[in-house]
2 protein chains.
Amino acid sequence: MDAIDRKLIDILQEDASLSYSVLGTRVGLSVSAVNDRVRKLRDQGIIKSYQIAVDPHAIGRALTAMVWLRTDPAKGNKKLVKSLIKADEVLECHHMTGRFDFLLKLRLRDTAHLESFITDTIKELGGILEVLPEIALSTAKETAFVPAQAGQD
Amino acid sequence: MDAIDRKLIDILQEDASLSYSVLGTRVGLSVSAVNDRVRKLRDQGIIKSYQIAVDPHAIGRALTAMVWLRTDPAKGNKKLVKSLIKADEVLECHHMTGRFDFLLKLRLRDTAHLESFITDTIKELGGILEVLPEIALSTAKETAFVPAQAGQD
DNA sequence: CCTGAAATGACACGGAT
DNA sequence: ATCCGTGTCATTTCAGG
């Protein structure tokens, strides 16, 4: 991975619909060279997938919530996590440091959906000692973009 | 937006590199019809952009951290937020309910990077009364996929 | 929404630096 | 080893119906 690869990654993170000819002019390479590099980045797993970014509001998931979980230290968490990440409401599930054990990022229709998810799904799992949900009033930034070039400063 | 649009959205969220002919066979439409629908979804802003998903580890940002901020209620938050979201370390910035005011999701090189970001960037902003950083030990799920079809149940 | 044609892009190969 | 040009095929895109 050299500077050109990193530049390609950054460009594609912003707009993956650009053609190889456009990418080529931006990084100063031919279409074939860009093709070679992008294919290698895919093969190496550095580029994991191609996706679209969807407006959550348009598909009826306007509510973002974070839910903290504290689990029973006497029990293992593997089954719990396995069940949690099956739910499409759960976008992220992180095992965290701090007073709680897990942080869930949820995308939901509304507060009623949040309530039912907590009572019907989370609390049904067992082994959970504490649930602390918090709602996003607004989101100033939400991206997955991580500059590949900034790793070099 | 009908059921076919929702199906297209879900397919493209998983793999946006599929051709219109493949999409067509999956939803039972011709290439042109798929083209028409996808273009409309783009024009309407429902499909916001095309992106690649990058392995954070490969570009030197292996550490995920969540940072809670409590701000001075006497001051406005607009400038603070505006400065925060400029930083490429900040993937997300949510205005939250609960004891804290903001939740930041950060992607960093290592704990040294986290420390410098807190001391040199966050605390320099002013108007911040409390900073509580927490680190992700592991991440069991991290996606942006929100099923468009599930909005219908 | 479909068919069909034209333009564009992707991709593999061979050769050169 | 990477890059470039060419050729071929797939894909996109836009008519017209």
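Chain letters run A, B, ... following the sequence lines, proteins first, then strands; residues in each count from 1. All of these numbers come straight from a predicted model, not from anything done at the bench.
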Considering only [options], which nucleotide approaches the side chain of [X] most closely?
X: A:Arg37; options: C:dG9, D:dT13, D:dT2; value: D:dT2
X: A:Arg39; options: C:dA10, D:dT2, C:dA12; value: C:dA12
X: A:Tyr20; options: D:dT11, C:dA10, D:dT13; value: C:dA10

- [ ] Look at the aromatic rings of A:Trp68 and A:Phe100 and report parallel, tilted or perpendicular, splitting at 30° and 60°.
- [x]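 If you compare the ring of A:Trp68 with that of A:Phe100, the planes turn out tilted.
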- [ ] Sort out for me which residue in A:Gln44, A:Lys40, A:Arg37 forms a side chain to side chain donor-acceptor pair (under 3.5 Å) with A:Asp5.
- [x]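 The single option meeting the side chain to side chain donor-acceptor pair (under 3.5 Å) with A:Asp5 is A:Arg37.
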Open item on the list: If I compare all heavy atoms of B:Val131 with all of B:Pro133, which pair ends up nearest, and what's the gap?
Closed with: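 Where B:Val131 meets B:Pro133 most closely, the heavy atoms are O-CD, 3.6 Å.
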Task: Stepwise salt bridge (Lys or Arg N to Asp or Glu O under 4.0 Å) check, A:Arg99 with A:Glu130 - done: CA-CA 11 Å; A:Arg99 194 172 78 76; A:Glu130 201 173 345; 3.2 Å; yes
How long is the line joining [atom1] of [X] and [atom2] of [N], in whole Å?
X: B:Asp43; N: D:dT13; atom1: CG; atom2: C1'; result: 13 Å
X: A:Lys40; N: C:dA10; atom1: NZ; atom2: P; result: 18 Å
X: A:Asp2; N: D:dA1; atom1: CG; atom2: P; result: 15 Å
X: B:Leu18; N: D:dA10; atom1: CG; atom2: P; result: 17 Å
X: A:Tyr50; N: C:dA10; atom1: OH; atom2: C1'; result: 11 Å

Open item on the list: I want to check one thing: is the phosphate of D:dT13, taken as OP1 and OP2, less than 4.0 Å away from some side-chain N or O of B:Asn35?
Closed with: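 Indeed, a polar side-chain atom of B:Asn35 lies that close.
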Task: A:Glu142/B:Lys105 ion pair, N-O < 4.0 Å - done: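 No, A:Glu142 and B:Lys105 are not salt-bridged.
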Task: salt_bridge(A:Arg61, A:Asp55) N-O dist < 4.0 Å - done: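 No, this pair does not count.
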Open item on the list: Taking side-chain contact (heavy atoms from CB on, under 4.5 Å) as the criterion, tell me which of B:Leu114, B:Leu63, B:Leu91 meets it with B:Leu106.
Closed with: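 Exactly one pass, corresponding to B:Leu114.
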TODO: Could you point out which residue of A:Asn35, A:Asp15, A:Val31, A:Leu18 forms a side-chain contact (heavy atoms from CB on, under 4.5 Å) with A:Leu23?
DONE: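 Only match with A:Leu23 under side-chain contact (heavy atoms from CB on, under 4.5 Å): A:Leu18.
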Task: Terminal helix-axis angle for the helix from C:dC1-D:dG17 to C:dT17-D:dA1, with five pairs defining each axis and rounding to 10 degrees - done: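 For the helix from C:dC1-D:dG17 to C:dT17-D:dA1, the axes at opposite ends meet at about 30°.
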Could you go over nucleotides 4-7 of chain D and give all protein N or O partners under 3.5 Å, atom names and distances?
residue, atom, partner, partner atom, Å
D:dC4, OP2, A:Ser30, N, 2.7
D:dC4, OP2, A:Ser30, OG, 3.0
D:dG5, N7, A:Ser32, OG, 3.0
D:dG5, O6, A:Ser32, OG, 2.7

Open item on the list: Is it the case that the side chains of B:Glu89 and B:His113 hold a donor-acceptor pair, with the cut-off being a distance below 3.5 Å and no angle test?
Closed with: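 Looking only at side-chain atoms, B:Glu89 and B:His113 do form a donor-acceptor pair, the distance falling under 3.5 Å.
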